Each structure stands twice: as C-alpha cells, then as structure tokens.
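One structure below.
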Amino acid sequence: MLTARRRVVATAAAVLSGSLLLASCGGSDSGSSDGKTLKLWHYEGPDSAMGAAWNEAIKEFEAKHPGVKVKFEEKGFEQIQKTAPMVLNSSDAPDIMEYNKGNATAGLLSKQGLLTDLTDEVTKRGWDKKLSAGVKTTSQYDTNGVMGSGKWYGVPNYAEYTMVFYNKDLFKKYGIAEPKTFDDLTAAMDTFVSKGITPLANSGAEYMAQQYLYQLALSKADRSWVDSYELYKGKTDFHDAAWTYGATTFADWVKKGYIGKTSSGTKAEDAGVAFIQGKNPILFSGSWWYGRFKTENKFDWGTMLWPGSNLTLGSGGNLWVVPKGAKNKDLAYDFIDITMSPKIQNLLGNKGGVPVAADPNAITDPQSKTLIANFNTLSQRDGLAFYPDWPVPGFYDTLVSETQKLITGSEQPDAYLSALQKAYDQGAPKQ
C-alpha cells in the first residue's frame, strides 16, 4: 500500500546532511569505529524487488558518503533466524541487518536488549509518517517484546502479503477456467489431480506448508481472532472452529492429492522452482516471490487474493534493525533513510515490491500496479493477519515439524492442534 505522501526532498536532504555531520564526528552511540565501513546483512535474492532496490540504495549511499564502503554479506533466512541472538551478542554483529518481524523474532531480540531503540531517529527523520497503522504494528515492541506498542526497534521500507500465483498457460491447456471463488479453486485442483498433476507447490520443511494451513483457518476467522492469537488480546483455542477447519482441510487436501506427500521434506526454494518450471500450476506464498517470478517465469501467469477470505497473511516487510553493538549506527540510520527515499521506493515498486512511500504515478509496470492495488484492497479492509509463527519464540520450528506430520499422515488434525496449543501456551505471556 502506498501509505504516505512523498517526503519533501529538501527536508530529507537536510536530515541527511545533519546525520552526516554526526557520522563524521562519531555519533554519541557509535561504538569504536573509523566510520569508513557499513557492515550490512540481508537475505533477499538479487533478482527480488527488495534485492534490486537495496543494491541501488548501496550505490546511492556510497555516492553520498565519499570514502565509506558498504560491506554487504548475503545471509540465508534460516541462517539469520537461528543464529541472530548469538551473533548479535558478539563482536561480529553487523551495523545494520534485515530481520524478521514479530514477537518471536524482533520482539524477542528487543526484550533481550540486543537491538537499538530507534524511536528518536524514526521521529526525527519522519519515517513514522510514511507507514500505515497496520505496517507500523510490527515496528514497535513493548518491554515484554510484544508488537504493536512501545519503542521502535525496526523500520520496514516495504510491505508484503500472500496471494495465489497461478499458471495461466496450464489452466488454458487443460481447459480450466481461471478461479474467481474458493469453489472455483478447489474444482480447478480436482481437475488437475485427474490429469495426474499435483496442483499446489509446497514446502513442508520451511514456512510454506504452515502458511497454507493458517490461510485456511483465516478464511473462517475475524480480526478479534487474529488479535487474540498474535497480540494476546484474548484466549486462543486451537480446537476452535477456525483452527479445526484449517487443520482438517489441509489434511484432506493432502489425501485428495492437492498437496504432494513428498513435499514434507522440501524447502521454499524447491516449491518456487517447481512453479517456475511449470510442474505445479498454483503456488500460495508472498509478494517476496513477485520480482523473481517476473524475471524467471516463461509462461503467462496471474495472481489473486485468496478467494473467500477477508484476511490473509501479511504485514509490513522485514525490518531494518540496528544491533545494540553496532559500531556505525549513524551510517546505518543514513542507509535506512535512503531506502525510504522516493527514488528507491519507486524502483522497488516497479521491480515487483510493495513500497511504503512511492509516488503512485511513478509505478508504470502493469503487473506491479495490480500487486499494489491488491495490497491496497487488503489494507482498506484491515485484512493483514500477520504470520502463524510470530506469537511465541520457537513456534516456527513447532509449526514446521507438526505440519510435516500432517503431510505424511503420521499425525491426525486433533493431535496436531493439541501440540500447537501446548507449545503456544508454554511460550505466551501469562494473562
């Protein structure tokens, strides 16, 4: 969603020049550094919209900071997810890094004192004015590490949401109408199965499988349900109607052949490649795939919001965070500022990302316009429901292992939901 008006360029320039003076003098919270290197970590592929935009931001940063070099290290999502607490507690911490948002990740690190409080920089540089309420939710954390209020520990410069990607050429080849409703979608999957084709690209060893199941639950849920689960504003019962529908329908889809049993051990990359190669006609995942699909898909393809649901997975994008032990904090703030600039925001939008502060008239790519329009639709109906692994630390691993059991058939939905309830209750704050 284009959530804010463009900032006045003169104001941005004044803020930037002021921060440059601070950087050259060594800011008050900079640690020991010569101010000549910005150590940057992120896990976006070079063909993704974010990867392309941030590569341009690096060039822009170095042009505006003569003599300063960006030392970029590409990390894997899983790598950062598992090692961040240890690395950020060491002398190897970067100056700025991309990190996953939510209670179990950025919230946990903020609670542990591993992240820099960015509140003053956010207000001084006007980043808060560029973000909508739904996007801001994942930037702020209270003293318990719960998102939605408190201090700013991260800044997203894009937003994201999930959608149905589908191969129009395969639908046409088998005489299947492009789906408009949930019944259309399941009817299309039945036809593909009858032709010997597994309809859904899936990865059981990573996030994709749990997101299919969560989306099914969301189709029977409302905002208060999401707030109870994600923000602890009520009691979460994993045996309620929504969760029960999600788990039983997911297990049924495996039995029907919509989801391959062999996908229990596959990674998200495997699922994405299978879709790109035309092996599976449908993939449900996030806007982070959009730029890559634009580059690599050799067939006609389209997207749609999950039919029959007002809610879908989504939020502000992953966060720029500044480790507490970063040695070049002022340079890190300058880099964030550049990624929020109109030039980088417009580029991100045209490359297939969902910018938070672009000029709508500068987005010229037709597919990108559709991507952003669908996000606007979601935002207007308060449809961003975050992600299933966010509420409690370690829940991602629980969801992966338990959902794998549903795929292999080694666990039934009732036992699956009980396992989730136990892990959730152990990690959630006591109410």
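None of the values given here were measured: they were computed from a predicted structure.
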(message) Within this structure, what is the CG-CG distance for the pair Leu417 and Leu406, rounded to the nearest 0.5 Å?
(response) 8.0 Å
(message) Counting the benzene-type ring for Trp, do Tyr229 and Phe386 have ring centres under 6.0 Å apart?
(response) no
(message) Tell me if the aromatic rings of Trp54 and Trp320 count as close, with their centers under 6.0 Å from one another.
(response) yes
(message) Does this structure show an ion pair linking Glu56 with Lys343, if we count only N-O contacts that are shorter than 4.0 Å?
(response) yes
(message) If I take atom CZ from residue Phe335 and atom CG from residue Leu38, how far apart are they, to the nearest 0.5 angstrom?
(response) 7.0 Å
(request) Start with the C-alpha distance between Asp389 and Gln210, add both sets of side-chain angles, then the distance that settles side chain to side chain contact (heavy atoms under 4.5 Å, CB included), and finish with yes or no. (result) CA-CA 9 Å; Asp389 59 299; Gln210 60 185 260; 3.7 Å; yes
(message) Under 6.0 Å from the ring centre and within 45 degrees of the ring axis: does the NZ or CZ of Lys220 meet both conditions for the six-membered ring of Tyr245?
(response) yes
(request) Would you kindly say whether Asn100 and Thr105 are connected by a side-chain donor-acceptor distance under 3.5 Å? (result) no
(message) Taking Thr364's backbone N and O only, do any of them form a donor-acceptor pair with Ser368's side chain (distance below 3.5 Å, no angle check)?
(response) no
(message) So, using ring-ring contact (aromatic ring centres under 6.0 Å, His included) as the criterion, who are the partners of Phe284 when residues are at least two apart?
(response) Tyr212, Trp306
(request) May I ask you to decide if Asn157's main-chain N or O and Gln345's side chain share a donor-acceptor pair within less than 3.5 Å? (result) yes
(request) Please examine the side chains of Val322 and Glu121, heavy atoms only from C-beta on, and report whether any two atoms are closer than 4.5 Å. (result) no
(message) Quick check against the 3.5 Å criterion: does Asp270 have a side-chain atom that pairs as donor or acceptor with the backbone of Ser203?
(response) no
(message) Checking Thr377 against Asn374 for the side chain to side chain donor-acceptor pair (under 3.5 Å) test, could you report, in this order, the C-alpha distance in whole Å, the side-chain angles of both residues, the deciding distance, and whether it holds?
(response) CA-CA 5 Å; Thr377 297; Asn374 281 341; 4.8 Å; no
(request) Without swapping roles, check the side chain of Asn103 against the backbone of Met147 for a donor-acceptor pair under 3.5 Å. (result) yes
(request) Applying side chain to side chain contact (heavy atoms under 4.5 Å, CB included), run through Tyr207 and Leu399 and close with a yes or a no. (result) CA-CA 8 Å; Tyr207 60 83; Leu399 283 165; over 6 Å; no
(request) Apply side chain to side chain contact (heavy atoms under 4.5 Å, CB included) to Lys327 and Asp95, showing your working. (result) CA-CA 6 Å; Lys327 298 179 178 65; Asp95 298 308; 4.0 Å; yes
(request) For Tyr43, check ring-ring contact (aromatic ring centres under 6.0 Å, His included) against everything at least two apart and list the hits. (result) Phe77
(message) I need the minimum non-hydrogen distance between Phe61 and Ile338, along with the two atoms involved.
(response) CA-CD1, 3.5 Å
(request) For Arg125 and Asp337, indicate whether the former's side chain and the latter's backbone hold a donor-acceptor pair under 3.5 Å. (result) no
(message) Less than 4.5 Å apart, side chain to side chain, heavy atoms only: is that true for Lys279 and Val273?
(response) no
(request) Specify whether Phe171 and Phe192 have parallel, tilted or perpendicular ring planes, treating 30° as the upper limit for parallel and 60° as the lower limit for perpendicular. (result) perpendicular
(request) Taking ring-ring contact (aromatic ring centres under 6.0 Å, His included) as the test, write out the residues that go with Tyr396, two or more places apart. (result) none
(request) Verify, without hydrogens or angle tests, whether Asp142 (side chain) and Val146 (backbone) share a donor-acceptor contact under 3.5 angstrom. (result) yes
(message) Tell me whether Lys172 is salt-bridged to Asp300, with the criterion being a basic N under 4.0 Å from an acidic carboxylate O.
(response) no
(request) Not counting sequence neighbours, which residues clear ring-ring contact (aromatic ring centres under 6.0 Å, His included) with Phe165? List them please. (result) Phe293
(message) More than 12 heavy atoms of other residues, nucleotides or ligands under 6.0 Å from NZ of Lys369: yes or no?
(response) yes
(message) Less than 4.5 Å apart, side chain to side chain, heavy atoms only: is that true for Pro355 and Ile372?
(response) yes
(request) Could you list the residues that satisfy side-chain contact (heavy atoms from CB on, under 4.5 Å) with Asn55, not counting sequence neighbours? (result) Ile58
(request) Please work out whether the ring planes of Trp225 and Trp243 are parallel, tilted or perpendicular, with thresholds of 30° and 60°. (result) tilted
(message) Within the supplied structure, the quantity of interest is the number of heavy atoms (other residues, nucleotides, ligands) at a distance under 6.0 Å from Lys294 NZ; does it exceed 12?
(response) yes
(request) For the pair Asn350 (side chain) and Asp365 (backbone), establish whether a donor and an acceptor sit closer than 3.5 Å, ignoring hydrogens and angles. (result) yes
(message) Using a 3.5 Å distance criterion without hydrogens, assess whether the side chain of Tyr141 forms a donor-acceptor pair with backbone atoms of Gly102.
(response) yes
(message) Measuring from atom CG of Leu319 to atom CD1 of Ile96, what distance do you get when rounded to the nearest 0.5 angstrom?
(response) 11.0 Å
(message) So, using side-chain contact (heavy atoms from CB on, under 4.5 Å) as the criterion, who are the partners of Gln140 when residues are at least two apart?
(response) Lys136, Trp152
(request) Please work out which of the three classes, parallel, tilted or perpendicular, describes the rings of Trp288 and Tyr387, given edges at 30° and 60°. (result) tilted
(message) Between Ser418 and His239, is there a side-chain heavy-atom distance shorter than 4.5 Å?
(response) yes
(request) Quick one: pull up CE in Met304 and NZ in Lys180 and give me the separation to the nearest 0.5 Å. (result) 8.0 Å
(message) Would you say that Asp252 contacts Tyr258 through its side chain, given a criterion of any heavy-atom pair below 4.5 Å between the two side chains?
(response) no
(request) Count the heavy atoms belonging to other residues, nucleotides or ligands that lie under 6.0 Å from NZ of Lys151, then report whether that count exceeds 12. (result) no
(message) Does any part of the side chain of Leu109, heavy atoms only, come nearer than 4.5 Å to the side chain of Pro85, both counted from C-beta?
(response) yes
(message) Assess the residue pair Ser315 and Thr137 against the criterion (side chain to side chain contact (heavy atoms under 4.5 Å, CB included)); give the C-alpha distance rounded to whole Å, side-chain angles, the decisive distance to 0.1 Å, and a yes or no.
(response) CA-CA 8 Å; Ser315 68; Thr137 299; over 6 Å; no
(request) Kindly indicate whether the side chain of Leu108, heavy atoms from C-beta on, has any atom under 4.5 Å from the side chain of Leu114. (result) no
(message) Taking the side chain as everything from C-beta on, heavy atoms only, tell me whether Asn318 gets closer than 4.5 Å to Lys101.
(response) yes
(request) Evaluate side chain to side chain donor-acceptor pair (under 3.5 Å) for Lys329 paired with Thr116, printing each intermediate quantity in order. (result) CA-CA 9 Å; Lys329 294 186 179 182; Thr116 300; 3.2 Å; yes
(message) Ignoring hydrogens, what is the shortest heavy-atom contact between Pro94 and Lys39? Give both atom names and the distance.
(response) CB-O, 3.5 Å
(request) Quick one: pull up CD in Gln215 and CG in Leu305 and give me the separation to the nearest 0.5 Å. (result) 9.5 Å
(message) Quick check against the 3.5 Å criterion: does Thr198 have a side-chain atom that pairs as donor or acceptor with the backbone of Ile259?
(response) no
(message) Quick one about Asp222 and Ser224 (side-chain donor to acceptor, distance below 3.5 Å, no hydrogens or angles considered), yes or no?
(response) yes
(request) Drop me the distance from Trp289's CH2 to Ser48's OG, to the nearest 0.5 angstrom. (result) 10.5 Å
(request) Give a yes or no on whether the backbone of Tyr232 and the side-chain of Thr236 come within a donor-acceptor separation of less than 3.5 Å. (result) no
